[in-house]
Amino acid sequence: MDKNSNLYRMRQKYISHPLQGFGAYLLYWLFAIMPVDMASNFGGWLLRTIGTKVGQSKKARNNLIKAFPEKSADEIEKIIADMWENLGRSAAEIPHLHKMRPGGSRIEIVGAENGRALKDDGKPGLFFTGHIGNWEVSMCIAVVLEMDMMSVYRAPDNPWVDDLFMRARKTFRGQLVQKGPDGARKLTRFMKQGGHACMLVDQKMSDGIPVPFFGRDAMTAPALAQFALKYDAPIIPVRVERLQGAHFRMTFYPALPVTRTGDRHADVAKIMTDVNAVLESWIRERPEQWLWVHRRWPN
């Protein structure tokens with residue numbers, strides 16, 4: 001069979017699912033039997049050692065050079081190594097997330113009053129964050145605010161890996177829906193009923209809208225702005241940052257201003273420009289905690 005054919009690639013993909021799944025399960029349970037700090041340290045060391053040697057680092061390097069033209073080559077390489085360490089730690093912490101209580105020694109909470117202001121205002125509400133720190137910690141937003149919530153997520157291609165992530169999210173208070181037409185319909189019904197939703201908004205969306213991000217247009221999903229305008233829903237930025245080891249700070253910021261000019265397309269673009277500006281400010285402060293291996297910008 002031609003190794004360049006679509007059929008060959010599809011076959012290899014489905015053959016690899018069980019193999020990758022077995023490896024993922026093995027690592028999951030290995031990390032699970034370790035104390036959380038040991039797992040985090042080991043996962044960070046492992047991916048820092050391996051990650052800098054894989055092809056994905058080239059993609060991260062190209063993105064970083066364009067985002068930070070003022071940084072030296074050594075500074076860029078350090079960010080890449082630190083990024084892999086953060087990813088390794090995040091993966092190793094997944095089996096332990098259900099033990100981490102918001103407001104406890106592991107997850108510091110700042111500005112919760114900004115989020116709670118949406119609880120009893122009689123309107124739907126929206127929260128957004130990005131792939132920063134250990135973004136799986138954002139699953140406890142609903143617990144912090146003591147409200148049911150809907151969270152939209154993109155399922156991994158590998159169903160075995162998706163199962164592991166769902167195990168980690170078992171303490172989420174509310175509903176988890178996958179991105180796609182069915183998820184969009186569920187979210188629409190939920191918002192109509194006055195519900196609150198949380199979204200990760202820093203991934204590329206090929207059929208999104210071009211919005212500035214680090215000085216370049218990035219195809220950005222407009223759903224957050226569209227729902228905010230349609231349902232008069234406030235938008236709260238939520239940042240999860242790694243402090244040291246397996247310790248985090250979750251910060252709820254004041255609601256973003258939402259202006260209606262009568263030009264819906266312009267209003268959506270303005271909201272998403274403000275959203276990207278918030279994300280960029282967080283990433284500039286702690287660049288090693290963002291997922292630079294995303295294909296966030298056009299080639």
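- Using modelled atom types, no side-chain atom of Ser57 and backbone atom of Lys53 make a donor-acceptor pair closer than 3.5 Å.
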Query raised in the report: Is there a side chain to side chain contact (heavy atoms under 4.5 Å, CB included) between Thr220 and Val201 once you walk through the steps?
Result: CA-CA 8 Å; Thr220 302; Val201 295; over 6 Å; no
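- Under the 4.5 Å side-chain contact rule for hydrophobic residues, Trp297 and Met205 do not share a cluster.
- Residues Val238 and Cys198 have side chains not in contact (no heavy-atom distance under 4.5 Å, counting atoms from C-beta outward).
- Looking at heavy atoms from C-beta onward, Leu87 lies out of side-chain contact with Trp292 at the 4.5 angstrom threshold.
- Residue Arg260 comes nearest to Ala228 through the heavy atom pair NH2-O, 3.2 Å, listed as atom of the first residue, atom of the second, then distance.
- One finds the CG atom of Asp274 at 9.5 Å from the CE atom of Met272 (value rounded to the nearest 0.5 Å).
- In this structure, Ser206 and Met219 approach most closely via the heavy-atom pair O-CE, 3.7 Å.
- Ala39 and His96 make their closest contact through CB-NE2, 3.8 Å (heavy atoms, listed as atom of the first residue, atom of the second, distance).
- For the pair Glu280 (side chain) and Phe214 (backbone), a donor-acceptor distance under 3.5 Å is present.
- Here the shortest heavy-atom pairing between Ile79 and Pro287 reads CD1-CG, 3.9 Å.
- Using a 4.5 Å heavy-atom cutoff, the side chains of Glu136 and Ser90 are not in contact.
- Not one N or O on the side chain of Thr251 forms a donor-acceptor pair closer than 3.5 Å with the backbone of Gly111.
- For the pair Asn41/Met34, no side-chain contact is recorded, criterion being any heavy-atom separation below 4.5 Å from C-beta on.
- With a 4.5 Å cut-off on side-chain heavy atoms, Met250 and Ile141 count as touching.
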Query raised in the report: Phe213 and Trp290: ring pair (Phe, Tyr, Trp, His ring centres under 6.0 Å), yes or no, with the steps?
Result: CA-CA 14 Å; Phe213 190 52; Trp290 193 55; 5.7 Å; yes
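- Asp121 and Pro234 make their closest contact through OD2-CG, 4.0 Å (heavy atoms, listed as atom of the first residue, atom of the second, distance).
- Side-chain contact between Phe252 and Ile109 is present, with at least one heavy-atom pair separated by less than 4.5 Å.
- Applying the ring pair (Phe, Tyr, Trp, His ring centres under 6.0 Å) rule to His294 yields the partners His131; only residues at least two apart in sequence or on another chain are considered.
- Each of Leu256, Asp202, Ile236 was compared with Phe128 under the side chain to side chain contact (heavy atoms under 4.5 Å, CB included) criterion, and only Leu256 meets it.
- At least one side-chain heavy atom of Phe227 sits under 4.5 Å from a side-chain heavy atom of Met199.
- Counting only heavy atoms from C-beta outward, the side chains of Met149 and Phe127 approach each other to under 4.5 Å.
- Taking each heavy atom of Pro254 and Pro237 in turn, the nearest pair found is O-CD, 3.4 Å.
- Side-chain N or O atoms of Arg286 include one that pairs as donor or acceptor with a backbone N or O of Arg242 at under 3.5 Å.
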Report task. Just do the side chain to side chain contact (heavy atoms under 4.5 Å, CB included) check on Val293 and Met83 with the steps written out, would you? Result -> CA-CA 9 Å; Val293 294; Met83 175 201 71; 3.9 Å; yes
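- One N or O on the side chain of His196 and one on the backbone of Leu118 form a donor-acceptor pair closer than 3.5 Å.
- Distance check, rounded to the nearest 0.5 Å: CE of Met191 to NZ of Lys230 gives 10.0 Å.
- Checking side-chain atoms of Lys71 against main-chain N and O of Ile76 turns up no donor-acceptor pair under 3.5 Å.
- Rounding to the nearest 0.5 Å gives a distance of 9.5 Å between OG1 of Thr129 and OH of Tyr253.
- When only modelled atom types and interatomic distance are considered, Asn86 and Arg48 share no side-chain donor-acceptor pair under 3.5 Å.
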